[in-house]
Amino acid sequence: DVKVTQSSRYLVKRTGEKVFLECVQDMDHENMFWYRQDPGLGLRLIYFSYDVKMKEKGDIPEGYSVSREKKERFSLILESASTNQTSMYLCASSFPSGVATDTQYFGPGTRLTVL
Amino acid sequence: AQSVTQLDSQVPVFEEAPVELRCNYSSSVSVYLFWYVQYPNQGLQLLLKYLSGSTLVESINGFEAEFNKSQTSFHLRKPSVHISDTAEYFCAVSDEETSYDKVIFGPGTSLSVIP
């Protein structure tokens, strides 16, 4: 079974802190994604990466950055956390389209609260 | 650009009754379509998908969805729901403009099955 793990289920940080969210997948997937999930808005793509050291902005990249130094690990960084970044953060991974099943596999999520 | 509309944010239904969750998408090119489900306190998991071929696709737990290109819809149906179907359901689309790798999610529909 594919496994996508996220470093924390719950996280509480203060405004202005630098926050790191880590995601690891064990299926050798090329693609990795970071979403935030908010009630009534569904999932919105923050960043995605299609290879090591490669990244592309999603729909809401402002206030976030990412790092992918190894294929299995994709980190989301909040340079200076703000209260409007309080949300559920979901990581996902997949093979490139056309290679396999085009299915995204999701981690359990990190609920971040910024005070 | 892609977008996904799920008109019903909440759908209450009695146990053993039929249900339809509506999904419409906007894209002018060839698409892949997905339904993901999120059970309480869990991550998202794929329920079913349409990539090509038969426009009617089924899941292992009795859900089905039909791709209707002329109406740009991918509605999810189940003839008889169970309590265990209570969850959040997300419709999603990817298309050839982004090589099918980038998936856009709808806002979600919360299905509540009433005993």
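Lettering of chains follows the sequences in order, A, B, ..., and the numbering in each one begins at 1. Below, each value reflects all heavy atoms present in this structure, side chains not excepted, and no hydrogens, waters or symmetry copies.
- Using a 4.5 Å cut-off between heavy atoms, B:Q38 touches chain A through its side chain atoms alone.
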Inset, instruction - Before giving the answer on side-chain contact (heavy atoms from CB on, under 4.5 Å), spell out for A:Y35 and B:V103 the whole-Å C-alpha distance, their side-chain angles and the decisive distance to 0.1 Å. - result: CA-CA 11 Å; A:Y35 296 91; B:V103 177; 4.2 Å; yes
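- In the hydrophobic clustering of ILVMFWY residues, with side-chain heavy atoms under 4.5 Å counting as a link, B:V11 and B:V4 come out together.
- Within a 6.0 Å sphere centred on CG of A:N84, other residues, nucleotides and ligands contribute more than 12 heavy atoms.
- Contact record, A:Q104 with B:Y36: N-OH, 2.9 Å, taken as the closest heavy-atom pair.
- Inspection of non-hydrogen atoms places A:D59 of residues 49-62 of chain A under 4.5 Å from chain B.
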Inset, instruction - Verify side-chain contact (heavy atoms from CB on, under 4.5 Å) between A:F106 and B:Q45, making sure each step is shown before the conclusion. - result: CA-CA 7 Å; A:F106 284 83; B:Q45 55 187 283; over 6 Å; no
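- Cluster membership check: A:W34 does not share its hydrophobic cluster with A:F48, using side-chain heavy-atom separations under 4.5 Å among Ile, Leu, Val, Met, Phe, Trp and Tyr.
- When the side chains of ILVMFWY residues are joined at heavy-atom separations under 4.5 Å, either directly or via intervening members, B:L111 and B:I83 end up in a single hydrophobic cluster.
- A single hydrophobic cluster is not seen to contain both A:M88 and A:L76; linkage of ILVMFWY side chains at heavy-atom distances under 4.5 Å, directly or through other members, places them apart.
- Applying the 6.0 Å contact sphere to CG of B:L56 captures more than 12 heavy atoms from other residues, nucleotides or ligands.
- In this structure, A:L90 is not a member of the same hydrophobic cluster as A:Y64, with clusters built from ILVMFWY side-chain heavy atoms closer than 4.5 Å.
- Once rounded to the nearest 0.5 Å, the distance linking NZ of B:K102 with CG of A:L45 reads 6.0 Å.
- Only the side chain of A:R9 comes within contact range of chain B, with heavy atoms under 4.5 Å apart.
- Contact annotation for A:L43: both backbone and side-chain heavy atoms come within less than 4.5 Å of a heavy atom of chain B.
- Between atom CG of residue B:L44 and atom OH of residue A:Y105 there is a gap of 13.5 Å, rounded to the nearest 0.5 Å.
- Atom CG in B:L48 sits 10.5 Å away from atom OG1 in A:T103 (nearest 0.5 Å).
- The minimum heavy-atom distance between A:G40 and B:P107, with the atom names listed, is O-CB, 3.5 Å.
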